[in-house]
Number of protein chains: 2
Amino acid sequence: MLPKITDRRSASLLVSAPAQALAGASADLDPLALSTGSDEATRRAPGHEGRDPFSRKLSTCVDLTAGDLRELERLAATGRRFPAQTPLLHQSDVPENAILVLDGFACRYKYLTNGRRQITAYLVPGDLFELDLDYRLPLDCALGTLTACRLAVLPRPDYEDLLRRRPRIARALQMMRLTEAAILREWITNLGSRSGPERLAHFLCEMLLRLRTTGLASDNQYSFPITQADLADTLGMSCVHINRVLQKLRRDGLIELSGRRLTILKPEGLKTLAEYDASYLEPAAIPLRPCVSDRPAA
Amino acid sequence: MLPKITDRRSASLLVSAPAQALAGASADLDPLALSTGSDEATRRAPGHEGRDPFSRKLSTCVDLTAGDLRELERLAATGRRFPAQTPLLHQSDVPENAILVLDGFACRYKYLTNGRRQITAYLVPGDLFELDLDYRLPLDCALGTLTACRLAVLPRPDYEDLLRRRPRIARALQMMRLTEAAILREWITNLGSRSGPERLAHFLCEMLLRLRTTGLASDNQYSFPITQADLADTLGMSCVHINRVLQKLRRDGLIELSGRRLTILKPEGLKTLAEYDASYLEPAAIPLRPCVSDRPAA
DNA sequence: CGCTCCGTTGAGTCCACTCAATTGGGGTGG
DNA sequence: CCACCCCAATTGAGTGGACTCAACGGAGCG
């Protein structure tokens with residue numbers, strides 16, 4: 001009966017006492033969750049623009065300078081480990097840190113009083129949980145880890161400093177915000193207009209493409225250490241029904257899911273089922289076209 | 001069988017030939033849709049910060065200067081009328097104009113090949129459909145009117161010019177973007193985790209509060225010229241089911257809906273049913289607290 | 001060894017959908 | 001002025017999908 005993240009009323013991690021979060025963190029990690037993660041992917045990318053997922057992602061739409069990359073590298077080096085299912089920020093907290101996902105999955109979520117939980121966004125490696133600009137606003141969603149994660153915690157002053165000193169990074173982040181909003185709209189469509197199998201297929205396609213931009217999904221397969229209960233909270237279905245829908249996709253030979261690793265056997269079939277059109281993710285994937293702020297001021 | 005907006009393949013209005021949109025526009029208006037709209041509300045606001053809904057909305061979080069107000073007033077004066085159910089922009093269009101809603105309801109929506117339409121956002125008077133910053137990106141959603149509307153069409157150069165010359169307006173718009181994202185997350189929660197009646201109740205509560213910020217809903221009632229079919233596309237239900245859920249809310253004495261006007265008889269009851277927490281709309285409703293950019297640079 | 005968590009399966013129920021048919025109101029044209 | 005039409009709202013009947021409530025198997029862990 002109790003939701004997985006049990007202590008909803010305890011003081012949030014990362015709000016005032018980030019050290020507290022670290023206390024019991026490095027201990028009970030799920031080895032599977034990390035074994036195929038970015039640690040590995042990072043090592044095998046020698047000539048790439050950046051080694052950490054964040055600079056990889058930003059590099060897809062902005063040419064980062066050597067200075068930018070060095071900065072991001074330093075940031076990535078501060079990553080700390082957090083166990084799965086850990087609440088990081090509560091709803092109505094006023095966050096004091098930006099949080100960068102280096103490895104594993106985190107999410108935004110809301111609880112309703114009827115006990116249901118709705119996940120409203122996934123944060124995958126390379127995604128940044130941003131402070132809402134410089135406004136000090138309470139969060140409308142909680143934030144927590146789904147799997148074991150490696151996160152870089154960036155205090156507000158440092159975050160603001162980074163944006164000020166690194167205009168290209170700031171620009172790339174603006175782009176990311178557009179993509180984020182597009183993803184939210186896509187999720188609304190998904191929840192409102194698609195059947196169970198279509199919905200799941202769409203979600204799996206999205207994850208594939210998002211993980212690909214940081215090199216975490218080659219060969220149409222990726223590490224997928226997500227609980228079926230979490231999937232249910234993501235897609236607005238019951239846990240039992242998720243199970244049956246998964247089985248249907250397996251039975252139809254579209255996917256294979258075993259050992260916390262997802263393989264998409266028929267990418268085209270899955271895409272067709274989901275009616276998947278990836279263009280909403282493109283802002284993050286295509287290089288910037290000429291735009292106003294690159295021109296000399298009028 | 002045909003969706004209400006029938007010609008989906010025709011050239012979008014407002015993309016290259018805005019004059020075309022105006023051609024048959026002013027003719028067949030639904031008088032009811034406008035009679036209780038902002039025309040009336042605007043007239044009865046003599047001492048207010050601004051007379052048009054846009055400056056009203058921005059005034060809730062930023063102190064606009066007299067110059068700002070004059071500018072917005074001029075913008076509002078350019079409003080043109082558009083009939084209900086008019087497509088304005090198609091998916092994958094690259095918009096060349098920002099669009100300000102002065103009166104009536106517009107929406108973002110997507111069509112799926114199975115014929116279903118999902119509405120992903122409502123634009124009510126005071127809302128601005130923004131160009132995605134200065135990036136030239138194709139839209140992930142179509143844009144169209146739901147009811148008869150009065151819209152101000154703001155060409156890209158003018159829009160960019162406005163933001164450049166009016167920092168307070170630009171700042172307020174940033175704030176609005178945060179609220180927009182919060183609304184999207186709230187919709188995801190709504191579609192994923194709430195039952196039919198709860199979902200509808202939540203939507204009606206949100207509309208009430210959003211219309212209140214521009215003075216379009218006093219006394220817990222507002223003009224609501226939305227088709228049940230549109231509601232269905234909004235809330236991910238069938239048209240028939242929407243009808244029955246509406247009847248349930250009426251039977252329970254929570255609302256009254258007649259003559260395209262909605263009255264919320266038991267605001268507390270509706271709020272409780274929807275488990276409605278309005279704090280996600282607050283960024284737009286509370287005055288700015290002290291923030292970084294107001295302080296002298298460090 | 002036993003515990004717990006996750007995934008799986010079965011049975012029964014109810015909610016939401018589809019397919020129709022009908023009503024009612026507004027506008028139009030004869 | 002009335003007849004007609006169109007569209008939105010409403011109602012009924014039947015179906016199927018998704019849910020709940022269980023019970024059970026297996027893997028990992030103390």
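Residue numbers begin at 1 in each chain, while the letters A, B, ... track the order of the sequences.
B:Leu191 has its CG atom 15 Å from the C1' atom of C:dA16, to the nearest Å. Between A:Phe224 atom CZ and C:dC6 atom P the separation is 14 Å, expressed in whole Å. In this structure, B:Leu146 atom CG and D:dA8 atom C1' are separated by 15 Å, rounded to whole Å. At whole-Å resolution of the value, CZ in A:Arg194 and C1' in D:dA18 are 19 Å apart. Note: CZ (B:Arg116) to P (C:dA16) measures 13 Å, nearest angstrom. The nearest whole Å value for the distance from the CG atom in A:Leu200 to the P atom in D:dA18 is 12 Å. Taking atom CZ of residue A:Arg260 and atom C1' of nucleotide D:dG26, one finds them 13 Å apart after rounding to whole Å. In this entry the distance linking CD of B:Gln85 with C1' of D:dC6 reads 15 Å, nearest Å.
A search for side chain to side chain contact (heavy atoms under 4.5 Å, CB included) contacts involving B:Thr272 returns nothing, not counting sequence neighbours. By the salt bridge (Lys or Arg N to Asp or Glu O under 4.0 Å) test, A:Arg185 is found to be paired with B:Asp140, residues two or more places apart in sequence or in another chain being considered. Scored by the side chain to side chain donor-acceptor pair (under 3.5 Å) test, A:Lys110 finds B:Glu186 as partners (sequence neighbours excluded). Taking A:Glu198 as the reference, nothing meets the salt bridge (Lys or Arg N to Asp or Glu O under 4.0 Å) condition, with sequence neighbours excluded.
Taking 4.0 Å as the cut-off between side-chain N and carboxylate O, B:Asp230 and B:Arg117 count as a salt-bridged pair.
Counting heavy atoms from C-beta outward, A:Ile255 and A:Arg250 have side chains that approach closer than 4.5 Å. Looking at heavy atoms from C-beta onward, A:Thr147 lies out of side-chain contact with A:Phe224 at the 4.5 angstrom threshold. Between B:Val101 and B:Val124 the shortest side-chain heavy-atom distance does not fall below 4.5 Å.
Each end of the helix from C:dC1-D:dG30 to C:dG30-D:dC1 gets its own axis, taken as the rotation carrying the C1' atoms of four end pairs onto the next four within a five-pair window, and the two axes meet at 30° to the nearest 10 degrees.
Relative orientation of the A:Phe203 and A:Trp187 rings is perpendicular, given thresholds of 30° and 60° on the angle between their planes.
Using a 4.0 Å heavy-atom cutoff across all strands shown, A:Arg250 reaches sugar-phosphate atoms only and no base atom.
Of the residues in residues 237-248 of chain B, those placing a heavy atom less than 4.0 Å from an atom of DNA chain D are B:Val240, B:Asn243, B:Arg244, B:Gln247, in numerical order.
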